[in-house]
Amino acid sequence: MLLVPCPNCGPRNSADLRYGGESHARPDPATAAPLQWRGYLYLRDNPAGWLRETWYCRSGCRRWFTLERNTATNEFRDPPQPGDKRGAKA
Amino acid sequence: MTMSRLEAQPTEVIDRSTTQRFRWNGKRFSGFEGDTIASALAAAGEHVFSRSMKYHRPRGILTADYWDPNLLVQVGDDPNVRAGHRLLEAGMDVQAQNVWPSLRHDIKAANGLVSRFLTAGFYYKTFMRPQKLWPAYERVLATFAPGGKVDPDTPHRYHDKRYTHPDVVVAGAGPAGIEAALAAAAAGARVLLVEHEHAVGGHLRYAHPEPARAALSELRAALDASDVEVLTDSTVTGRYEDNWLGIVQRNHPIAVERLIKARAKVLVVAPGLIERPFVFSGNDRPGVITSGAARRLINLWGVKPGERAVVFTANSDGDAAAADLDRVGVEVAAVIDGRDGRRVSAAQGSSKALEAVLAGGTRTEADLLVVAAGWTAPTSLLNMSGDRPVYDPNAARFFPSDPPGNVLATGGLAGDGSLDELRAHGAATGQLAAERAAAVAHRYQARTARALPVTGDEPAWVADLRVPLRRTHHPELHRSDTHGMIDFSEDVGSKDLVAAAREGYDSVELAKRYTTATMGSAQGKLETVNTVAAIAEARGETIAQVGTTVWRPPYAPLTLGALAGRVFEPVRVSSIHPWHEANGVRTILAGQWIRPDHYGDPAAEVRNVRANVGLIDVTPLGKLDLRGPDIPKLLNLLYTNKWSKLPVGKVRYGMMCAEDGVVLDDGVTGRLGEDHYLMTTTSSGAAGVWEWVENWLQTERPHWRVHVTPVTTAYSSINVAGPKSRELVSRVVEGVDLSPEAFKYMEVRTATVAGVAGCFMWRIGFTGELSFELHVPAGHGMHVWEALMEAGADLGVGPFGLEGQRIMRLEKGHFIVGQDTDGLTLGPSTGLSPLIKLDKDDFAGLPELAWAADRKLPMIVAIQPDDPNVVPEEAAQIVRGDTNEILGRITSSRMSPMLGRAICLGQVEPELAAGGTKVTVLLVSGERISATVMDHHAHFDPDGERLRG
Amino acid sequence: MRGIAGGMRRRPPKYSAATLAWRGLKGDYWPRVWRDTDLKRSYDAVVIGGGVHGLATAYYLARNHGMTNVAVLDKAYLGSGASGRNTAIVRANYLTPEGVAFYDRSLQLYNSMALDLNINVMFSERGHLTLAHSDAALRTMHWRAEVNKLQGVNSSVIGPDEIKEVASSLDTSDHPRYPILGALYHPPGGIVRHDAVVWGYARAADHMGVEMHQKTEVLDILCTGGDGADGKGAGGRVTGVRTNRGDISTPIVINCTAGWAGLISAMAGVRLPITTHPLQAAVTEPVKVFLPTVVVSGSLHVYISQTDRGELVFGAAVDAVATYSIRGSLEFTEELAGHVLELMPSVSRMRLLRQWSGLCDMTPDYSPVMGFTPVDGFLVDVGWGTYGFKAAPVSGEQIAEAAATGRTPELIAPFALSRFDTGELVGEKGAAAVGH
Amino acid sequence: MADSPAFESPVVRSYETSEDGDLLLTDVSATIKWLVRASPDGAVADQLGASFGSSSAAASGATVLGSRPGEWIVLGTAAEAAGAVEGLEGLDSSDLVSCLDWTHGRALFRVTGNEAARMLEKVCSLDWSDPMTPDGAVASASVAKVTCDVARNDVDGTPSYLVFCDRSFGQYLFDALIDAGDEFGLVVGPAGG
């Protein structure tokens, strides 16, 4: 059971969260070409190493945020602490 | 060998005043409280406990502990019980496993005669022809499956679970583990000490010399006086990420087995060492036992393991066994010292008259051959922590290499030493564990919103300055000059492994898979090192070069019952559920909801709604309370249609698509006030839509001012449907003008209903009837439902369930997301293209929906079979004529009570979507029928006159 | 081309009861199943990944197309990845016509594999039950059955009484939480000894001259002419591979990896619609055989079979969190046990012996990515999700054909990488989150 | 029409339990509960006084729980709760403030006793030790697989915990808590508000 460093609640079991996957920017829907939009929908970097990804603290603070995790070791980079909004988009 | 009970031993754990009677293979036996099944049987002179898997060779005690591969028995409905560990209980019904027709006379033992042909992997090389016969061969092979029997009537007993968050967990309560626990507790840590055996003490428990006994008493007393939580007969089964530990407790007073999940800040691994068998011809004969088995039998249970023994020893444990044997009157006929390069070469003869053959040919008659050939380091928990233990040929075993900082090893796993040195190392380890745990605890507490504020800075991460334990030289004893058994539970010998390596299966993993060595009940605890040694020998390499296998969890097997624990499967019900139950409801499970499906006759329920008035409990309908000035922007983003101009008091239908254009959910949203809306979703989509909305608001549009609150179960939702619904509602509602002019279709009003203030209702209609959907504060849901039932008695009011609603919505041609749509159904396929406003700046899925507008897509259409009495199954395929080419499928179908004919919705290829098109439907029976695509989705009241009435 | 004409073939010792007996009498060791050779500097084709897919591809390149100057490279040992970690279930009862046709061909090849490869892969055609616990699930079962029947695949929906006849240990009572309402029954499905498939293909390919190179890790794919760095990417072509044992030149590189498909493809400048997730499995101690068929429950995310050795083998859905770490989790075994006991309460005293996991490359539509890429000479056979083992023979056959002929065979055309550019995904996602 | 009818609890089935145990479970679903949403660091937050994870006592006598960043649960009698919530919506025109009577949306149980934490650790993975969950602590977590708000709210020095869940799970969760408490001699007290 991974211990996920929720920037609001503190360390939480991964079962308390929903994994949102690789964090990626949404293209402007007004101008996006098909390849660009489908790249956003389907293509992933899927690195074996540090990955910026989204999580939703479903059983806890109910906030979406991004974290950095090493997909080879499952180690998290510490997020900013409560009161410091840099890591949490909310 | 002939075993028997000795006079009382000072270290014994049995209570000779309490006799326990039990059955073994149908015969009566007795033992004492504190006996294991095996010790009781051994004391009674039993010497064969099982037959081996392939060759059905007789097998006796080998290690006399949990890992003994020869002591798996059936106890009642409990298969594969470790008789070397399980305590005897009065009335136990114990059976030998894997024997036919009996333990003594086993017919399959004839396999031993052909063993030269049944080499490892032989089954890959034969039974191929004739191919037809393989199923028959397979059935025969399956009869060789070892193990006990599953009783089909086995009940699921009471198992449960517990979470715990100790600072330090110590796995193993030998002298080093106990000292570690004591030191950690003394340093202020919350400590959980977990011992696999039935009592703490490790090897001290079966050590006869007085200093060892004194040390054990002292350690026990110290533990009793400490705050350490001690679990015996419990095992740390796995170490998972971030020190998440699985611990199985087998002796809990109420749970058969309890699974404890511990988030340890530091794990101390102190399992001791496991004695390893020596490989030589006949090493699996009854009478050949490890030195540990001899000492345990004598000192723990007062069992005399034989009359005349040969001891092969390469270490102090073997010497201690020789001393114990001599002390209790077993004649020690010969001591063969492995440290002098001498080897035992074979065990021959029967179990009653064993003959030990030395390398060189000297023979000694005995009924017991005790072997002390070295150790396996059970590094399992270290492997699970990511460590790769390293082999040290000088000490002839593996040692920890570089475990993570929150996992510390001590005791025999970490090195050798005197008892005092091991205890000192344990204490130093406990101290270090406590100090590191304090740093972790400080960090957790500092970051946890609800926790007490921390004082001071996070303690520094303390360096590991423990004085390492020594490593004593031990001869590398794996195989003698003969071949013998390596994996006792799988019947894999050293010869099999050499053959496998020669054949090309020469890496540990390949050889393991090919021969199945290490795959049995002990999962490598006894046989891994010898397996690696055999491959190394065949390859002409060292053990270090070959490497070891990966130890996988669990460390000790645990029952499925323990893993499952209390099975929590939450179910939810509406406030009106007790009424449904009292009124003959047939329920249906929809996700976690228990819902009324019908009350006996769904078609009658439909007719009553269409003729009079019906009530349906639609509480599970997802409901989100929206507040704030930016709601119209949010709705414009989530739905495909436009929301900027919805007036207060109005309701609108909307469809949501995902970013790939696939239909996600649908429902109505009403504007209750200037900045206050209520959104409804499908019941199954409620949770997902909420998370999706929060995602948009929190990550893509964080500057928008909207508060979203799920209120699904804050309201009981009751749909009142039918031509008499206005009359019924008017009888219970106060202060709202219900006339068609004042309260129009797709409008919402706040009301007091049956005396309940704060209700609101809207005029919508999934059923196609005039209907009022009431949303009532849930604490009054039952009251309002009963009030409606009472008030409408003369109107013919009756309940209807999901099935009736499904029929009516199908009559009206409303699609259901997830039933009539699937994972690839794009928005336009629903026929609702007019609701997809491509001229909006942005909404979820906009680009895909824009491109989809130009594509030929499968379409959802209404279909009627030409024979009105044939209802095609939901899933019946629409095909091209007499061919097998699939052109679509029926997604919903029912017999319409109103039309008296079969009606359907289906998905068809675009070429078939036009009204009037004839299609061929292939029924499940194989019959092909013709059907017609309709002009409109609605089969009934296509103009919606009833609805708007 | 060397190969058949080049005298590379050798006559293998045949496997049969007679040869087994003869060697048993003489006490002879069997010769090596595949040779251990030096890595050459050049091959006609290089297959990356020594699992069932890579080995089958190499086998069919040699057998069907005469290409024997082929190297299969694996960074560990043969079958060390998903091939040896899956639960060895085979079936053809998919949801889409393209899926059914494809897996049906695979099932046929499994059926004849023992004789084709002269190794007993122990294909146990024991039938496959997919349980439905809700009306919605039952509807999907019917849908699959109908599509299957139209493709000539034996599938039908059966009720609780028939289910009880097929697998008596299932609790078909009016169970309070997950009642068994029906099942999709697929008699041709079954289990195969997965390691034997690996060894069988390797042995047969070796006999035709293909080289298997273990502990040979691909560090880079060498390209020229592409629009990316170092000539990689669209418009380029493959010239070779760089390994930990030196460079190899080759005009054809086939990526047959699972778990590392994205990383290998990135070496050629090809981006894939893949995320990598662990799939966990577990096995109990053996008991006498009582479960004669494969049982799957999509809603409960579990599949169960009992081996001839008597162990119950369990699998579940892939882990939700993408990771390359395969240490396994406790919660997997907890959920698994809960769900198994929901279906078969009587096994509560069986003990879990071992758990493990492997990596799955998940695609957005639960269907593989097969065939050509924007880089000439670089082919992929990836994105198998949880279906890889079932598809190995047909994948090898079809990818070998594509590589040898330069044309995409009809059977795999629906699985082209280009479908993610046009948004025309395969409908297999509708089947279930778990479709083992 | 008559006066507003009585509140019906989601718990409709209870069980015989031991009569004099040290662990008490009560159904207090009828307690008035308001949900307040506002900026986590604005005027409303200042007035309510409880930051995320902690609780405070309002002047009206209501209990205020900082249930999420920018979310508060206000508990008490109707008058107490209304007193604490009154005026919040107009407190800061630059902030979006919403107050919602959540009484009917949430079931609420109270577990009191020295063994309460040991009972809760059978069904919830939070660390219930004093430093991690002191009196006044507020969190959300899965309890017997249902997402709940939990708050420690000691009674006369005895550990006591409030557990909130969606009303529709009320009966299920009540049953699960009784099961978990059985080994500690759990007693079901009379329902209250």
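Residue numbers start from 1 in every chain, and the chains themselves are labelled A, B, ... in the order their sequence lines are given, proteins ahead of strands.
Using a 4.5 Å cut-off between heavy atoms, C:S325 contacts chain B through its side chain alone, with no backbone atom that close. If you measure heavy-atom distances from B:R855 to chain C, the contacts under 4.5 Å come from the side chain alone. Only the side chain of B:I886 comes within less than 4.5 Å of a heavy atom of chain C; its backbone N, CA, C and O stay farther away. Both the backbone and the side chain of C:T333 come within less than 4.5 Å of a heavy atom in chain B. Contacts of B:E490 with chain C are made by side-chain atoms alone, with heavy-atom separations under 4.5 Å and no backbone atom involved. Looking at B:T587, neither its backbone nor its side chain comes within 4.5 Å of chain C, counting heavy atoms on both sides. Using a 4.5 Å cut-off between heavy atoms, B:L245 touches chain C through its backbone atoms (N, CA, C, O) alone. Neither the backbone nor the side chain of B:Q97 comes within less than 4.5 Å of any heavy atom in chain C. Heavy atoms of B:L259 lying under 4.5 Å from chain C belong exclusively to its side chain. Contact annotation for B:L923: only backbone heavy atoms (N, CA, C, O) come within less than 4.5 Å of a heavy atom of chain C.
C:R349 contributes no side-chain N or O that, together with a main-chain N or O of B:P79, makes up a donor-acceptor pair within less than 3.5 Å. B:K125 places no side-chain N or O within 3.5 Å of a backbone atom of C:N118 that could act as its donor or acceptor partner. No donor-acceptor pair closer than 3.5 Å links the side chain of B:R157 to the backbone N or O of C:S348. For the pair B:N80 (side chain) and C:P286 (backbone), a donor-acceptor distance under 3.5 Å is present.
Within the cation-pi definition used here (under 6.0 Å to the ring centroid, within 45° of the axis), B:R889 qualifies as a partner of C:W143.
Among C:S134, C:P345, C:S329, the residue with the largest count of heavy-atom pairs under 4.5 Å with chain B is C:S329. Of all the listed residues (C:Q214, C:E334, C:H133), the one sharing the greatest number of non-hydrogen pairs under 4.5 Å with chain B is C:E334. Ranked by heavy-atom pairs under 4.5 Å with chain B, the list C:M350, C:M122, C:R327 is led by C:M122. Between chain B and the options C:G84, C:G79, C:G310, the largest number of non-hydrogen pairs under 4.5 Å is found for C:G84. Counting heavy-atom pairs closer than 4.5 Å to chain B, the top residue among C:V121, C:V147, C:V340 is C:V147.
The closest side-chain heavy-atom distance from C:Y178 to B:E569 is below 4.5 Å. B:D506 is not listed as a side-chain neighbour of C:Y77, based on a closest heavy-atom distance of 4.5 Å or more. Looking at B:M519 and C:R354, their side chains come closer than 4.5 Å, going by heavy atoms from C-beta outward. Looking only at side-chain heavy atoms (C-beta outward), C:Y29 and B:V498 come within less than 4.5 Å of each other. No side-chain heavy atom of B:Q877 sits under 4.5 Å from any side-chain heavy atom of C:H142. For the pair C:R351/B:L558, no side-chain contact is recorded, criterion being any heavy-atom separation below 4.5 Å from C-beta on. Contact of the C:P179 side chain with the B:L589 side chain is registered, since non-hydrogen atoms from C-beta on lie closer than 4.5 Å.
We find that B:K261 and C:E331 are not joined by a salt bridge, their nearest charged nitrogen and carboxylate oxygen being 4.0 Å or further apart. At a threshold of 4.0 Å, the pair B:K512-C:D195 does not count as salt-bridged, since none of the basic side-chain nitrogens sits closer than that to a carboxylate oxygen.
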Please step through side chain to side chain donor-acceptor pair (under 3.5 Å) for the pair B:R552 and C:Q355, ending with a clear verdict.
-> CA-CA 6 Å; B:R552 291 186 166 122; C:Q355 68 176 108; over 6 Å; no
Let me see the working for B:E509 and C:R85 under salt bridge (charged side-chain N to carboxylate O under 4.0 Å, His left out), right down to the final yes or no.
-> CA-CA 12 Å; B:E509 290 297 330; C:R85 297 165 187 271; over 6 Å; no
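The two residues C:Y15 and B:Y124 have their closest heavy-atom pair at CD1-O, 4.1 Å. Nearest heavy-atom pair across B:P554 and C:L352 is CG-O, 3.5 Å.
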